[in-house]
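Any value given below was found using the heavy atoms of this structure, including those in side chains, with hydrogens, waters and symmetry copies removed. Chain identifiers are assigned alphabetically (A, B, ...) following the order of the sequence lines, protein sequences preceding nucleic acid strands; residue numbering begins at 1 within each chain.
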Amino acid sequence: MFSSKIRQWYKANKRALPWRESQDPYRIWLSEIMLQQTRVEQGLPYYKKFTENYPTVFQLAAASEEEVLKMWQGLGYYSRARNLHATAKHVAENLNGIFPDSYKELKKLKGVGDYTASAIASFCFDIPEPVVDGNVYRVLARYFGVDFAINSTEGIKYFKELASELIDKGNPAEYNQGIMEFGAIQCKPQSPKCGTCPLNDGCLALQKGRIEQLPVKLKKTKVKDRYFNYLVLRSEGETLIRQRRQKDIWQNLYEFPLIESKQELDIQQLEEHPYFTALLAGANYSLTLFNAQPKVHKLSHQHLYTKFWVVHLHAPIENGIPCQELDEYPMPVLIANFVEEYSF
DNA sequence: AAGACGGGGTT
DNA sequence: AACCCAGTCTT
């Protein structure tokens with residue numbers, strides 16, 4: 001039987017992970033938000049840091065969003081951190097610190113979707129709600145030879161129903177964890193270990209030589225090129241930073257004043273740019289390019305070609321901050337790397 | 001239904 | 001370069 005083989009495999013092969021020691025909804029919720037679209041190994045140090053700094057939802061709720069974003073720095077998808085903080089405040093202030101104990105109520109929390117609600121419901125409350133994440137899509141698509149695209153409306157519905165029929169109602173927590181772990185370790189995206197797979201006798205994809213083709217996923221998004229010019233002002237040990245407020249990448253993180261252009265800018269074009277002239281109006285400055293080759297920062301669907309321009313000033317910077325305090329602000333990895341490399 | 005949203009690892 | 005990762009939210 002599918003589910004019993006999954007559970008059997010899981011018992012023998014599961015990794016020791018800190019959130020598996022707990023059924024505390026706060027810890028499970030925290031781990032699940034962190035692990036969305038994120039590898040376990042990448043999320044692990046963040047989970048440890050968060051649970052040490054914020055042992056309960058009340059400490060997390062008491063923190064500022066900026067502090068939470070700083071702790072989240074480097075993990076990506078920062079809306080997760082903003083939603084995490086908002087939900088912590090909601091649970092602490094309106095729910096007496098107690099997380100909902102039903103799928104339906106869990107799903108109402110900001111940042112908690114179908115997958116995460118199912119995970120918390122099953123892991124914490126033994127509710128037989130199936131998790132369907134990237135691992136589960138792959139395992140089911142292969143074993144049952146499913147051709148529906150995992151990111152199509154009909155596919156999502158089909159896989160969820162299939163998962164509902166398969167879940168072990170006697171131990172949904174173990175089964176759910178099991179099928180995900182199985183997907184991560186045994187039924188991997190590339191080079192799955194079919195030779196030692198306990199399910200290889202019934203796997204349709206394996207029988208038909210379609211392991212490489214499944215699961216089916218609809219078209220990749222095309223990558224967009226963007227050209228960033230950061231103005232790194234310097235005077236008397238101070239510099240200038242801005243908080244990103246637009247509906248764009250890195251919302252609420254800090255960066256240096258930015259000039260974005262359609263094409264790469266040279267020094268002359270930069271000095272003629274309206275934003276540059278406005279910022280440096282009447283100032284006595286010397287301008288140098290830090291990196292001759294644009295730094296290429298790759299996001300999922302954007303390539304950022306970035307130049308860091310250092311502007312030395314002789315007069316104090318209005319609203320400047322001490323360079324030593326730069327590391328207190330939440331910043332994108334692109335900026336944090338520059339600050340590290342430039343060493344103010 | 002389709003895009004937007006990070007950063008890192010693997011092939 | 002392309003794909004993937006314990007997905008969710010917005011348009």
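Taking every side-chain heavy atom of A:R39 into account, C:dC4 is the closest of B:dC5, C:dC4, C:dT8. Across C:dC9, C:dA6, B:dG6, the shortest atom-to-atom separation from the side chain of A:N83 is found for C:dC9. Each of B:dC5, B:dG7, C:dA6 was ranked by its minimum atom distance to the side chain of A:Y77; first place goes to B:dC5. If you check B:dC5, C:dT11, C:dA6 against the side chain of A:K247, the one that comes closest is C:dT11. In this structure, the nucleotide among B:dC5, B:dG6, C:dC4 sitting nearest to the side chain of A:W250 is B:dG6. Listed candidates were B:dT11, B:dG7, C:dA6. Nearest to the side chain of A:Q190 is B:dT11.
Here the separation of B:dG6 from C:dT11, taken at their P atoms, is 15 Å to the nearest Å. Nucleotides C:dA6 and B:dC5 place their P atoms 23 Å apart, quoted to the nearest Å.
A:E93 meets the side-chain hydrogen bond (donor to acceptor under 3.5 Å, both in side chains) test with no other residue; sequence neighbours excluded.
Ring planes of A:F228 and A:W250: perpendicular class, angle over 60° (limits at 30 and 60°).
Residue-to-nucleotide contacts include no donor-acceptor pair under 3.5 Å from the side chain of A:T116 to the base of C:dG7. Side-chain N/O atoms of A:T38 and base N/O atoms of B:dG6 include a donor-acceptor pair closer than 3.5 Å. The base of B:dA4 does not come close enough to the side chain of A:R226 for any donor and acceptor atom to sit less than 3.5 Å apart.
Taking atom CD1 of residue A:I150 and atom P of nucleotide C:dC5, one finds them 7 Å apart after rounding to whole Å.
Between A:L265 and A:W309, the shortest heavy-atom contact is O-CZ2, 3.7 Å.
Between A:K222 and B:dG3, a side-chain N or O to OP1/OP2 separation shorter than 4.0 Å is absent. Residue A:Q302 has a polar side-chain atom (N or O) positioned under 4.0 Å from OP1 or OP2 of B:dC5.
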